[in-house]
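Order of the sequence lines fixes the chain letters, A, B, ..., with proteins taken first and strands second; residue numbering starts at 1 for each chain.
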Amino acid sequence: DTGVSQDPRHKITKRGQNVTFRCDPISEHNRLYWYRQTLGQGPEFLTYFQNEAQLEKSRLLSDRFSAERPKGSFSTLEIQRTEQGDSAMYLCASSPLYEQFFGPGTRLTVL
Amino acid sequence: QKEVEQNSGPLSVPEGAIASLNCTYSDRGSQSFFWYRQYSGKSPELIMFIYSNGDKEDGRFTAQLNKASQYVSLLIRDSQPSDSATYLCAVRAFGNEKLTFGTGTRLTIIP
């Protein structure tokens, strides 16, 4: 257990529905990252926060995806109008500077 | 050419032997290099990172970096069945916060 928590751990939804995931980083870490991982692939970067500022977004993050980190603490990732291609493990990581420590992930299945 | 390349395996190693995992990267501006272990259905777990040419040892694990050859490796000494997992290589470019992952090498330790 790295100390990074994610909720929910599993989410099954129907195509077209909106979903929201939460990540609670290690409390003293000011850097927070979201990645997506599909079967047989390494994690792919989605977005990065330093404190409450979203400083980088991947091209993978379409308009249907939005992330927030109010007050520089927990973060949420929302996917609107889900598609079957959104099915993946969504991973959150936090970092004090260099090393990134991953939470357990949220596995999303879109039917 | 992929940014980070790993042999997908599977790599089978007898218990007690040395497992050698390799990774090449394409961006010469890459600054730091990370090895993660991922058990099936779980999130990646940081093993170690390296940023200087040469070797870095941590217990049974040794990371080796050769920036001229754009090559990083992970050696696992005295391999144990519990080392059976997928090993992910990740690279961070200078001035960039995101990690770019390879697809991972699946390692099986044979008792």
Strictly less than 4.5 Å between heavy atoms, which residues of residues 30-61 of chain B line up against chain A? Please order them by number.
B/F34, B/Y36, B/Q38, B/G41, B/S43, B/P44, B/L46, B/F49
Answer yes if A/F45 and A/L61 sit in the same cluster of Ile, Leu, Val, Met, Phe, Trp and Tyr residues linked by side chain heavy atoms under 4.5 Å apart, and no otherwise.
no
Cluster overlap A/F21 with A/V4, hydrophobic side-chain contacts below 4.5 Å:
no
Using heavy atoms and a sub-4.5 Å threshold, report which of residues 74-94 of chain A line up against chain B, by residue number.
A/M89, A/L91
What are the residues of residues 83-111 of chain B, in order of number, with any heavy atom under 4.5 angstrom from a heavy atom of chain A?
B/L88, B/R92, B/N96, B/E97, B/K98, B/L99, B/F101, B/G102, B/T103
Is it the case that one hydrophobic cluster holds both A/L108 and A/F102, taking links as side-chain heavy atoms less than 4.5 Å apart, direct or via other members?
no
Check whether B/V13 and B/L74 end up in the same hydrophobic cluster, where Ile, Leu, Val, Met, Phe, Trp and Tyr are linked by side-chain heavy atoms less than 4.5 Å apart.
yes
May I ask you to check whether over 12 heavy atoms, not counting those of A/Y98, lie within 6.0 Å of atom OH?
no
Which residues in residues 32-43 of chain A have any heavy atom closer than 4.5 Å to a heavy atom of chain B?
A/Y33, A/Y35, A/Q37, A/G40, A/Q41, A/G42, A/P43
Please check if the number of heavy atoms outside B/R77 that lie under 6.0 Å from its CZ is greater than 12.
yes
Using a cut-off of 6.0 Å, state whether more than 12 heavy atoms not belonging to B/K67 lie near its atom NZ.
yes
Taking side chain as everything from C-beta outward and backbone as N, CA, C, O, which of these in A/Q100 sits under 4.5 Å from a heavy atom of chain B? Side chain, backbone, both or neither.
both
